[in-house]
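Comments concern the structure below.
Here is the naming used below: chain letters follow the sequence lines, and residue numbers restart at 1 for every chain.
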Amino acid sequence: MSGFLTLLKNRGLLASQTHEHLDELVPIFEQVAPPEHMKTAYVGFDPTADSLTIGNFIQVLGLKRWQMAGHRPIALVGGGTGLIGDPSGKTQERQLLTKETVEKNVEGIRELLGRLLDFDEKRPNRAYLLNNADWLTKITFVDFLRDVGKYFTVPYMLAKESVKSRLETGISFTEFSYMLLQAYDFKYLFENYNCEFQFGATDQFGNITAGIEFIRKTLEKQAYGFAQPLILDANGVKIGKSQSITIWLSEHKTTVYKFYQYWINTQDADVERFLFYFTFLSENEIKEIIAKHQQNPEQRYGQKILAEEVTDMVHGKSKRTLAENASHILFGGDPTQAKVETFQTLASEIPFVQMDKQLLHEGLKVSDICVSLGITTSKGEAQRAIEQGSIYLKNQRVIDKFMKVTANDLLEGGYLLFRKGTKQYYLAQFI
RNA sequence: GGGGAGGUAUCCAAGAGGUCAAAGGAUGCUGACUGUAAAUCAGACGUGCGCCGCACUUCGUAGGUUCGACUCCUACCCUCCCCA
């Protein structure tokens with residue numbers, strides 16, 4: 001019988017593990033594992049921002065998968081470690097965050113994780129959300145050096161990749177000590193929550209093993225860990241960085257529409273892998289989706305499923321539907337059929353201007369509206385653009401460069417949709 | 001401190017008294033093609049005007065010479081190079 005690690009491995013989500021037999025230790029159960037078999041695992045989230053990126057999302061999903069396999073997940077927000085700064089994967093010393101910022105960030109992440117995992121107290125393997133500030137800020141420096149520092153040799157710490165890679169460029173004592181704090185976290189959770197497992201991204205592996213070592217030395221008990229891979233797209237680019245824009249999980253940082261679009265824009269070469277990584281669909285379901293996708297790749301069937309699944313998970317179905325409708329309008333749909341809510345969604349995604357309805361009485365020239373909306377910088381340019389056939393009103397090409405818009409042209413809610421070229425949209429509302 | 005070169009449109013870069021809104025590239029924009037891709041071909045590209053035309057503004061800044069200045073003169077500002 002295969003366990004949780006096999007599940008991850010089959011989906012391409014296992015990069016490394018601390019022990020060979022981990023798979024047997026964590027069998028997969030329906031919903032809830034019997035108490036004697038229930039295992040607890042934690043993942044730490046660094047509060048460097050008030051939200052998480054889709055890079056962190058892999059770890060959140062890891063916790064979710066863990067919970068779905070009947071075990072208990074703990075999401076640990078680093079309110080304490082965030083004050084120090086994790087050197088893992090960083091090439092430079094980081095600016096310290098203020099305590100206020102860290103607290104604000106912790107709250108943002110807390111809110112997000114609260115939606116993504118099941119914290120229902122009736123569920124025996126309910127998730128926990130903890131903040132290491134609760135214990136890390138209480139320990140005194142001298143105690144820390146005696147109780148934690150004594151168990152780590154400097155050569156051991158220097159050998160860790162997170163430190164080693166920084167020896168040339170410099171690393172402060174503060175960041176150097178980071179792994180001790182994370183080790184302390186693990187021990188704390190091990191003792192207080194019976195948490196035997198920790199996982200994270202591959203760059204966390206060094207910190208994870210430090211914790212296991214610490215638990216073995218101080219408690220003479222065995223803890224375990226594994227790492228999920230860093231996800232790259234087919235071009236070898238880290239996911240969630242489209243043209244240097246980070247894709248966040250919170251709506252206030254990345255709108256639902258942009259989030260949805262990010263997944264829709266997945267390359268064909270990545271669709272199958274991403275379905276394995278970011279959804280809970282079974283292998284058979286994914287194979288079917290891919291088979292269907294390949295019959296008409298231009299339909300983006302696979303991307304649509306991916307975008308729907310992921311957006312539903314993060315933002316909920318109703319918001320996903322709005323984003324979907326907005327996408328539909330912007331990519332070939334008929335705007336005359338669109339509802340007011342769709343335009344409201346669009347208004348925050350594309351250049352949007354409100355104008356006075358009175359202007360339409362005499363009829364308003366398209367070329368004038370082009371300037372008001374910022375489609376073109378001058379009327380002359382607008383007229384040339386129309387001559388070249390690049391201006392569209394309600395997805396219909398404007399042919400007459402002196403064409404006037406009247407109140408009869410308005411769509412639901414007084415909206416009017418313009419387009420320049422193939423995909424630059426502009427929205428006006430006449431009120 | 002001494003000597004030299006130069007500042008032109010989004011960027012690079014021609015122009016050396018009138019035919020200059022200013023060659024040629026590149027980027028960006030648009031059209032065709034296409035799967036919300038790349039490549040390719042084509043077009044417009046200072047501003048205004050119901051636009052095969054006319055007017056206005058622009059070649060570092062401010063003055064001047066001239067019928068006429070991106071081009072000549074003066075001063076100033078800035079950049080780069082060489083020598084000390």
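For the pair R384(A) and C49(B), the criterion of a side-chain N or O lying under 4.0 Å from OP1 or OP2 is not met. One finds no side-chain N or O of Q383(A) lying less than 4.0 angstrom from the OP1 or OP2 phosphate oxygen of G48(B). An OP1 or OP2 oxygen of A37(B) is reached within less than 4.0 angstrom by a side-chain nitrogen or oxygen of K423(A). Of the side-chain N and O atoms in K379(A), none sit less than 4.0 angstrom from OP1 or OP2 of U47(B). For G46(B), the OP1/OP2 oxygens have no side-chain nitrogen or oxygen of S378(A) closer than 4.0 Å.
Across A9(B) and U27(B), the matching C1' atoms stand 13 Å from one another, rounded to whole Å. For the P atoms, the distance linking C76(B) with C20(B) amounts to 35 Å, nearest Å. Comparing the P positions of C41(B) and C49(B) gives an interatomic distance of 35 Å, to the nearest angstrom. Rounded to whole Å, the P atom of C59(B) lies 14 Å from the corresponding atom of G7(B). Distance check on atom C1': G2(B) versus U71(B) gives 30 Å, rounded to whole Å. Taking atom C1' on both C83(B) and C70(B), the two are 33 Å apart, rounded to the nearest angstrom. Rounded to a whole angstrom, the distance from the C1' atom of A5(B) to that of A42(B) is 41 Å.
Under the Watson-Crick or G-U wobble criterion, with both distances below 3.5 Å, U57(B) is left unpaired in every strand shown. In a base pair of the Watson-Crick type (N1 to N3 plus N6-O4 or O6-N4) or a G-U wobble (N1-O2 and O6-N3), with each distance short of 3.5 Å, G6(B) is matched with C78(B).
Atom pair I386(A):CD1 and C49(B):P shows a separation of 12 Å (rounding to whole Å applied). Atom-to-atom, NZ of K401(A) to P of U30(B) comes out at 20 Å; the value is rounded to the nearest Å.
Salt-bridge annotation for E100(A) and K104(A): absent, with no side-chain N of the basic residue lying under 4.0 Å from a carboxylate O of the acidic one. Salt bridge D120(A)/R126(A): absent, no basic N to carboxylate O contact under 4.0 Å. Looking at D23(A) and K9(A), no side-chain N of the basic residue comes within less than 4.0 Å of a carboxylate O on the acidic one, giving no salt bridge.
The neighbour count for K404(A) NZ, taken as heavy atoms of other residues, nucleotides or ligands under 6.0 Å away, does not exceed 12.
The side chain of K420(A) lies closest to C29(B) when the candidates are C51(B), C29(B), G43(B).
At the heavy-atom level, I264(A) lies under 4.0 Å from base atoms of the strands shown.
Residue-to-nucleotide contacts include a donor-acceptor pair under 3.5 Å from the side chain of Q261(A) to the base of U36(B). At a cut-off of 3.5 angstrom, the base of G35(B) holds at least one donor-acceptor pair with the side chain of D268(A).
In C52(B) the O4'-C1'-N dihedral to the base is within 90° of 0, which defines a syn nucleotide.
Because its NZ or CZ atom is not both nearer than 6.0 Å to the ring centre of F430(A) and within 45° of the ring axis, K357(A) does not count as a cation-pi partner of that residue.
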